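Notes for the one structure printed next.
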Amino acid sequence: MLVSIIIPAYNSAATLTLCLEAALAQDYPDTEVIVVDDGSTDDTAAIAAAFLGVTTARQTNQGPSVARNQGARLAKGEILAFTDADCIPRPDWISRLVAPFEDDVIAVGGTYAIANPEARLARVVQAEITARHNQFEDEVDFLGSFNMAYRKTSYDSVGGFEESYRWASGEDNDLAYKLQDTGGRMRFTKEAIVAHYHPTRLWSYLRTQARHGCWRVKLYTDHPKRAQGGDQYAGWPDLIAPPLSLVVAFLLPIIIAAQFVTPWGGILSVAYLALVLLYGALHIPIALRLRALLSPWDLLYCWLVLCIRDLARALGLLQGLWVFGVQRGGA
């Protein structure tokens, strides 16, 4: 059966060539490759157009959800396979994705390798993903848009990606949840691998994480039952940690000041310490899994990144409550 490989691209000139070379070199015999340029201002469109055998389309900048849906409309395949322009699929990527499809399987997803292991931040990001994916069973309730394949009929039945997700933040969760609610089975295979250029700059990474926090408000507003326990990738500790980190940070100067202005300073300090320990305990499961994947120094760096990331996500959550709760709720 024909598999349509769909790649949304925005200002992806630095990585798109390697991505397309890998997509065209798949050992699966029946594929087509579609690139949708999301209004890039660099050479993305020209690079895509230079590849023979690649179907190209262009749109004004509207985000990856719109770009993927446009690619799906152009697709002729029975299976729609998605990856990103900063990913490099392995030669057997499509073969591995297609193999688990059975009559009642509507989607299959795979995992990441790392394309830039020289960067410490990239290494810890990859290690966390690996640790989480190692816990996945054969059947899952979430697939990431960087490496997944859907039956086109199932994809079309729910309208594809929700286009109101302007950024790459939760739109793949939304699609997976909608399809899971229809009763379809989704499977995961660690053998379907794409290498990814993970972030290397902490500030840029934290801005992205704040955006994720913001759009999680919309995601859980649209899918309220998932707000109770998350999914197999991000469970309830991941939902609690960001707001708890903000409470811990907010209370710290108050607790310090209380030592000088109230006789209850000692009691308040003990209560605060208990809160800090609770917050730390939320990270114990992932920390234990990361021990086998990172050096001691990288593990320490990872722990610091996780704590700062929680704060970034919490600030994003506050923004999301304002945008999707107050502003749009009153509109």
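If you read the sequence from its start, that first residue is 1, and numbering goes on from there. In this text the structure is predicted, and so the values were computed from the model without any measurement.
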Is the closest basic N to carboxylate O distance between [X] and [Y] below 4.0 Å?
X: Asp84; Y: Arg68; answer: yes
X: Arg151; Y: Asp156; answer: no
X: Asp298; Y: Arg120; answer: yes

Chi angles and distances behind the side-chain hydrogen bond (donor to acceptor under 3.5 Å, both in side chains) call for Ser95, Asp27: CA-CA 7 Å; Ser95 296; Asp27 62 13; 2.5 Å; yes
Working for side chain to side chain contact (heavy atoms under 4.5 Å, CB included), residues Tyr301 and Leu121: CA-CA 8 Å; Tyr301 178 73; Leu121 179 59; 3.8 Å; yes
If the condition is salt bridge (Lys or Arg N to Asp or Glu O under 4.0 Å), which residues does [X] pass it with, not counting sequence neighbours?
X: Asp37; result: Arg58
X: Glu102; result: Arg185, Arg187
X: Lys225; result: Asp181
X: Asp174; result: Lys178

Interatomic distance, [X] atom [atom1] to [Y] atom [atom2] [nearest 0.5 angstrom]:
X: Phe82; Y: Leu143; atom1: CZ; atom2: CG; value: 11.5 Å
X: Leu321; Y: Lys218; atom1: CG; atom2: NZ; value: 14.0 Å
X: Lys76; Y: Glu78; atom1: NZ; atom2: CD; value: 15.5 Å
X: Ile106; Y: Ser157; atom1: CD1; atom2: OG; value: 7.5 Å
X: Thr83; Y: Ile5; atom1: OG1; atom2: CD1; value: 9.0 Å
X: Cys87; Y: Leu16; atom1: SG; atom2: CG; value: 11.5 Å

With side chains defined as the heavy atoms from C-beta onward, is the minimum distance between [X] and [Y] less than 4.5 Å?
X: Ile7; Y: Val33; value: yes
X: Trp167; Y: His212; value: no
X: Leu317; Y: Cys214; value: no
X: Met186; Y: Val105; value: no
X: Tyr177; Y: Asp222; value: no
X: Leu219; Y: Glu171; value: no
X: Val3; Y: Val98; value: yes
X: Leu202; Y: Val305; value: yes

Applying side chain to side chain contact (heavy atoms under 4.5 Å, CB included), can you list everything that pairs with [X], at least two apart in sequence or on another chain?
X: Asn69; result: Arg73, Tyr155, Phe161, Glu163
X: Leu246; result: Leu311, Ala314, Leu315, Leu318
X: Arg90; result: Asp92, Ala113, Ile193

Cluster overlap [X] with [Y], hydrophobic side-chain contacts below 4.5 Å:
X: Val125; Y: Leu306; answer: yes
X: Val194; Y: Tyr150; answer: yes
X: Met148; Y: Val66; answer: no
X: Ile284; Y: Leu273; answer: no
X: Ile114; Y: Ile286; answer: no

Verdict with reasoning, Leu20 to Val35, per side chain to side chain contact (heavy atoms under 4.5 Å, CB included): CA-CA 9 Å; Leu20 290 179; Val35 174; 3.5 Å; yes
If a pair satisfies side-chain hydrogen bond (donor to acceptor under 3.5 Å, both in side chains) and one of its residues is in [range], list it, with sequence neighbours excluded.
range: residues 253-273; result: Gln259-Ser269
range: residues 304-320; result: Glu128-Arg309, Tyr205-Arg309, Gln209-Arg313, Tyr279-Asp310, His283-Asp310
range: residues 3-14; result: Ser4-Glu32, Asn11-Thr41

Heavy-atom donor-acceptor pair, Asn116 side chain to Tyr197 backbone, under 3.5 Å: no
N/O donor-acceptor pair under 3.5 Å between Asp141 side chain and Asp231 backbone: no
Val54 and Ile34: CA distance, side-chain angles, deciding distance, side chain to side chain contact (heavy atoms under 4.5 Å, CB included) verdict: CA-CA 6 Å; Val54 173; Ile34 301 169; over 6 Å; no
ring-ring contact (aromatic ring centres under 6.0 Å, His included) partners for Phe136, two or more places apart: His133, Phe188
Residue pair Thr130, Gln126: steps toward the side-chain hydrogen bond (donor to acceptor under 3.5 Å, both in side chains) verdict: CA-CA 6 Å; Thr130 299; Gln126 174 63 44; 2.9 Å; yes
Search all heavy atoms of [X] against all heavy atoms of [Y] and return the closest pair with its distance.
X: Pro89; Y: Cys19; value: CD-O, 4.1 Å
X: Ala57; Y: Leu74; value: CB-CD1, 3.7 Å
X: Ala81; Y: Ile94; value: CB-CD1, 3.7 Å

Geometric class of the Phe142/Tyr233 ring pair [parallel <30°, tilted 30-60°, perpendicular >60°]: tilted
Chi angles and distances behind the side-chain hydrogen bond (donor to acceptor under 3.5 Å, both in side chains) call for Arg96, Asn147: CA-CA 11 Å; Arg96 298 288 190 175; Asn147 183 352; over 6 Å; no
Verdict with reasoning, Ile240 to Trp236, per side chain to side chain contact (heavy atoms under 4.5 Å, CB included): CA-CA 6 Å; Ile240 296 173; Trp236 65 267; 3.2 Å; yes
Validation row, ring centre Trp93 to ring centre Tyr28 under 6.0 Å: no
Listed partners of Gln62 passing side-chain hydrogen bond (donor to acceptor under 3.5 Å, both in side chains), at least two apart: Thr60
Pair Asp86, His196: side-chain N/O donor-acceptor within cut-off below 3.5 Å: yes
